[in-house]
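See below for the structure under consideration.
Throughout, protein chains are lettered first and strands after them, A, B, ... in sequence-line order, and every chain is numbered starting at 1.
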Number of protein chains: 2
Amino acid sequence: MDQVEIFKALSNKTRLQILIWLKDPEGNFPDQDQYGFDNGVCVGQIQKKAGLTQSTVSEYLSVLQRAGLVKSTRIGQWTYYQRNEEAFAALSQLLQTDI
Amino acid sequence: MDQVEIFKALSNKTRLQILIWLKDPEGNFPDQDQYGFDNGVCVGQIQKKAGLTQSTVSEYLSVLQRAGLVKSTRIGQWTYYQRNEEAFAALSQLLQTDI
DNA sequence: ACGATATATCGGGAAATTCCGATATATCTT
DNA sequence: AAGATATATCGGAATTTCCCGATATATCGT
């Protein structure tokens with residue numbers, strides 16, 4: 001758990017927004033219909049909502065994943081991203097104890 | 001409370017280290033003798049321990065203060081910095097609720 | 001196998017951050 | 001008032017981040 005890497009990942013308005021959107025996939029991504037939401041939300045949906053290019057959003061999701069804040073599942077041609085709640089709990093705990 | 005600004009302030013190894021040092025001023029800054037630790041630790045002590053230049057450390061402390069993570073007290077020619085614990089509690093809370 | 005679709009990766013220009021040395025400002029001492 | 005000390009601010013080189021368009025890769029349907 002690289003603390004600096006985590007905080008860098010959180011240091012961007014769009015990435016922070018994506019994480020917040022992913023707290024409520026059904027509410028924030030009503031267009032998605034494939035496979036429900038059990039595996040997360042696919043990149044295209046997130047990209048459309050973020051209003052940035054596909055490459056940028058894909059890169060941002062990689063940053064979030066390298067920091068451990070989200071996890072991904074590939075199903076067919078789609079990659080579904082969802083929050084890694086354990087990481088958020090650990091980070092909140094870290095802030096109360098170590099930092 | 002600008003969340004992105006806070007996370008940016010935390011996105012640096014040295015700044016994070018300073019915040020951790022400030023959790024235990026007596027233990028981490030034994031050289032300081034003026035005015036005790038009630039008002040925090042002065043810039044020079046932090047600078048010596050951080051091993052960066054005076055200007056860099058002064059700037060880093062400003063960044064932390066703008067983010068609300070520390071507060072400062074000027075006494076004579078010294079500026080004492082201490083943690084703003086309310087900000088850390090609020091941030092930890094934010095991570096559990098909003099983000 | 002071929003074209004369409006979804007995502008990842010590459011290369012890069014613009015902006016921000018990192019950290020420095022030099023200098024300015026504020027306060028203390030004499 | 002003058003010099004010493006502590007901190008803040010300025011200007012800048014090197015690095016990183018932001019976000020893009022172009023391209024590569026993977027999987028789908030036919």
Side-chain angles (χ1 to χ4, degrees), chain A residues 2-19 22 25 29 31-35 37 39-67 69-82, chain B residues 2-19 22 25 29 31-35 37 39-67 69-82:
Chain A
D2 183 335
Q3 304 166 200
V4 172
E5 186 176 17
I6 292 173
F7 289 129
K8 279 187 182 172
L10 294 171
S11 296
N12 175 278
K13 200 173 162 54
T14 302
R15 286 194 297 262
L16 214 46
Q17 186 62 72
I18 290 172
L19 291 170
L22 289 179
F29 302 95
D31 291 0
Q32 175 158 324
D33 45 15
Q34 303 246 22
Y35 301 101
F37 292 99
N39 297 294
V41 180
C42 68
V43 180
Q45 295 293 318
I46 299 171
Q47 187 251 313
K48 193 163 56 170
K49 199 166 174 72
L52 296 176
T53 62
Q54 184 271 321
S55 62
T56 297
V57 172
S58 176
E59 170 64 15
Y60 280 6
L61 289 166
S62 289
V63 169
L64 291 173
Q65 184 161 33
R66 275 197 298 276
L69 296 170
V70 301
K71 43 194 175 181
S72 69
T73 311
R74 179 100 195 195
I75 299 180
Q77 52 198 324
W78 293 277
T79 306
Y80 293 88
Y81 283 90
Q82 61 186 307
Chain B
D2 183 335
Q3 304 166 198
V4 172
E5 187 176 17
I6 292 174
F7 289 129
K8 277 186 182 174
L10 295 170
S11 296
N12 176 279
K13 198 172 163 55
T14 301
R15 287 195 297 264
L16 213 47
Q17 185 63 72
I18 290 171
L19 291 171
L22 289 178
F29 302 96
D31 291 1
Q32 175 158 324
D33 45 16
Q34 304 243 23
Y35 301 101
F37 292 99
N39 297 294
V41 179
C42 69
V43 180
Q45 295 294 319
I46 299 171
Q47 187 251 313
K48 194 163 54 168
K49 199 167 173 71
L52 295 176
T53 63
Q54 184 272 323
S55 62
T56 297
V57 172
S58 176
E59 169 64 15
Y60 279 5
L61 289 166
S62 290
V63 170
L64 291 173
Q65 184 161 32
R66 276 197 297 276
L69 296 170
V70 300
K71 42 194 176 182
S72 69
T73 312
R74 178 101 193 194
I75 299 180
Q77 51 199 328
W78 293 277
T79 306
Y80 293 88
Y81 283 92
Q82 60 187 308

Q: Using whole Å, report how far CG of A:Asn12 lies from P of C:dA15.
A: 17 Å
Q: Give a yes/no on whether any side-chain N or O of B:Thr79 is located under 4.0 angstrom from OP1 or OP2 of D:dA8.
A: yes
Q | Any B:Tyr81 side-chain N or O less than 4.0 Å from OP1/OP2 of D:dA6 | A | no
Q: Taking only heavy atoms on the protein side, list every residue of residues 43-56 of chain A lying under 4.0 Å from any atom of DNA chain D, sorted numerically.
A: A:Leu52, A:Thr53, A:Ser55, A:Thr56
Q.
I need the B:Tyr81 OH to B:Ser58 OG distance, nearest 0.5 Å.
A. 5.5 Å
Q) A:Ile6 and A:Gln3: side-chain contact (heavy atoms from CB on, under 4.5 Å), yes or no, with the steps? A) CA-CA 5 Å; A:Ile6 292 173; A:Gln3 304 166 200; 5.6 Å; no
Q. Okay, side chain of A:Arg15, backbone of A:Gln17: is any donor-acceptor separation there less than 3.5 Å?
A. no
Q | B:Leu61 CG - D:dA8 C1' separation (whole Å) | A | 11 Å
Q) Taking atom NZ of A:Lys8 and atom CZ of B:Phe7, what is their separation to the nearest 0.5 Å? A) 15.5 Å
Q. In whole angstrom, what separates A:Glu5's CD from D:dT16's P?
A. 14 Å
Q: Examine C:dT18: is either OP1 or OP2 under 4.0 Å from a nitrogen or oxygen in the side chain of B:Arg15? Give yes or no.
A: yes
Q) What's the shortest heavy-atom distance between A:Asp31 and A:Gln45, and which atoms? A) CB-OE1, 3.3 Å
**Q.** Under 4.0 angstrom between A:Tyr60 side-chain N/O and C:dT9 OP1 or OP2
**A.** no
Q.
Given 3.5 Å as the limit, does a donor-acceptor pair link the side chain of B:Gln82 with the main chain of B:Val70, or not?
A. no
Q.
Between P on C:dA26 and CD1 on B:Ile75, what's the gap in Å once rounded to a whole number?
A. 18 Å
Q: Provide, to the nearest angstrom, the distance between the CD1 atom belonging to A:Ile18 and the C1' atom belonging to D:dC19.
A: 13 Å
Q.
Rounded to whole Å, please give me the gap between CH2 in B:Trp78 and P in D:dA8.
A. 14 Å
Q: Check the distance between D:dA8's P and B:Arg74's CZ and give it to me in whole angstrom.
A: 6 Å
(Q) To the nearest 0.5 Å, what is the distance between CG on A:Leu16 and OH on A:Tyr60? (A) 12.0 Å
Q: Take the protein atom CD of B:Gln77 and the nucleotide atom C1' of C:dT27, then report the distance between them rounded to whole Å.
A: 5 Å
